[in-house]
Amino acid sequence: MRHNYKNLKVWQLGIEIANDVSDILLEFPKHERYDLSSQMSRCSVSIPSNIAEGSSRTDKSFSHFVDIALGSSFELITQLIVAKHRNYINEEKFDKMEKKIEEFQKMTMSFQNGLKKNTFSFIPPFFYNLFPF
């Protein structure tokens with residue numbers, strides 16, 4: 001089954017995370033531009049990008065791309081921990097991002113379980129935003 005990725009809540013949340021990371025990176029020191037900043041930028045963009053790419057595939061293949069997006073979300077939390085340790089982000093921003101990423105992870109794991117079990121002959125409405133992005 002092919003999916004319209006723009007209507008998937010997991011993709012929309014992934015876009016939101018990528019945009020939030022981009023905003024956070026504006027405050028990072030210049031010397032991090034090619035180090036942690038670059039890694040975090042690529043990692044955050046990878047999340048919705050893999051969901052979009054996988055949406056054109058079969059459910060089995062889509063599940064693999066969703067798995068990569070999920071892995072990127074765990075990688076991003078680790079990078080945020082490093083950024084917090086280096087005092088590039090404060091506790092409040094870290095907590096906000098961590099909660100949003102954890103929400104993405106829970107939602108994505110549930111979505112992926114449905115793909116793997118092939119229990120969805122259609123995707124239930126709660127996985128879709130019924131309004132255009």
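Here E102 contributes atom CD and T108 contributes atom OG1; the two are 12.5 Å apart, rounded to the nearest 0.5 Å. Annotation: the span from H64 atom NE2 to T58 atom OG1 amounts to 11.0 Å, rounded to 0.5 Å. Rounding to the nearest 0.5 angstrom, the gap separating the CD1 atom in I15 from the NZ atom in K6 is 10.0 Å. Residue I24 holds its CD1 atom at 6.0 Å from CG of L80, rounded to the nearest 0.5 Å. Expressed to the nearest 0.5 Å, how far CZ of F65 lies from CD of Q112 amounts to 12.5 Å.
The closest side-chain heavy-atom distance from I89 to M97 is not below 4.5 Å. The side-chain heavy atoms of L25 and L36, taken from C-beta on, include no pair separated by under 4.5 Å. You'll find the side chain of H85 stays beyond 4.5 Å of the side chain of V82, heavy atoms only. Contact of the V66 side chain with the M109 side chain is not registered, since no non-hydrogen atoms from C-beta on lie closer than 4.5 Å. Q12 places none of its side-chain heavy atoms less than 4.5 Å from the side chain of E16. Annotation: side chain of C43 is in contact with side chain of Q79 (closest heavy-atom distance under 4.5 Å).
Put simply, the side chain of S61 never gets that close to the backbone of R57: no donor and acceptor are under 3.5 Å apart. Within the 3.5 Å criterion, the main-chain N or O of A52 finds no donor-acceptor partner in the side chain of S56. Here the side chain of D67 pairs no donor or acceptor atom with the backbone of S63 at under 3.5 angstrom. No donor-acceptor distance shorter than 3.5 angstrom exists from the side chain of S110 to the backbone of M107, with no hydrogens or angles considered. Judged by distance alone, with hydrogens and angles left aside, the side-chain atoms of S73 form a donor-acceptor pair with the main-chain N or O of L70 at under 3.5 Å.
The hydrophobic cluster containing I101 also contains F94, counting ILVMFWY residues as joined when their side-chain heavy atoms lie under 4.5 angstrom apart, directly or transitively. Linking Ile, Leu, Val, Met, Phe, Trp and Tyr whenever their side-chain heavy atoms come within less than 4.5 Å leaves V45 and I77 in two separate clusters. Residues I47 and Y5 are members of one and the same hydrophobic cluster, defined by side-chain heavy-atom contacts under 4.5 angstrom among Ile, Leu, Val, Met, Phe, Trp and Tyr.
Listed by chain and residue number, N50, S72 satisfy the side-chain hydrogen bond (donor to acceptor under 3.5 Å, both in side chains) test with S46 (two or more places apart in sequence, or in another chain).
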Exercise. Apply side-chain hydrogen bond (donor to acceptor under 3.5 Å, both in side chains) to E32 and S37, showing your working.
Key: CA-CA 6 Å; E32 285 289 359; S37 292; 5.5 Å; no
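For the residue pair G14 and F104, the shortest heavy atom distance occurs at N-CD1, 4.3 Å.
Residue pairs satisfying the salt bridge (charged side-chain N to carboxylate O under 4.0 Å, His left out) criterion with at least one member in residues 72-84, sequence neighbours excluded, are listed as follows: K84-E91.
When each of D20, N19, L13 is tested with I17 by the rule side chain to side chain contact (heavy atoms under 4.5 Å, CB included), just one qualifies, namely L13.
Between F28 and Y88, the ring planes lie tilted relative to each other; the angle falls in the 30° to 60° range.
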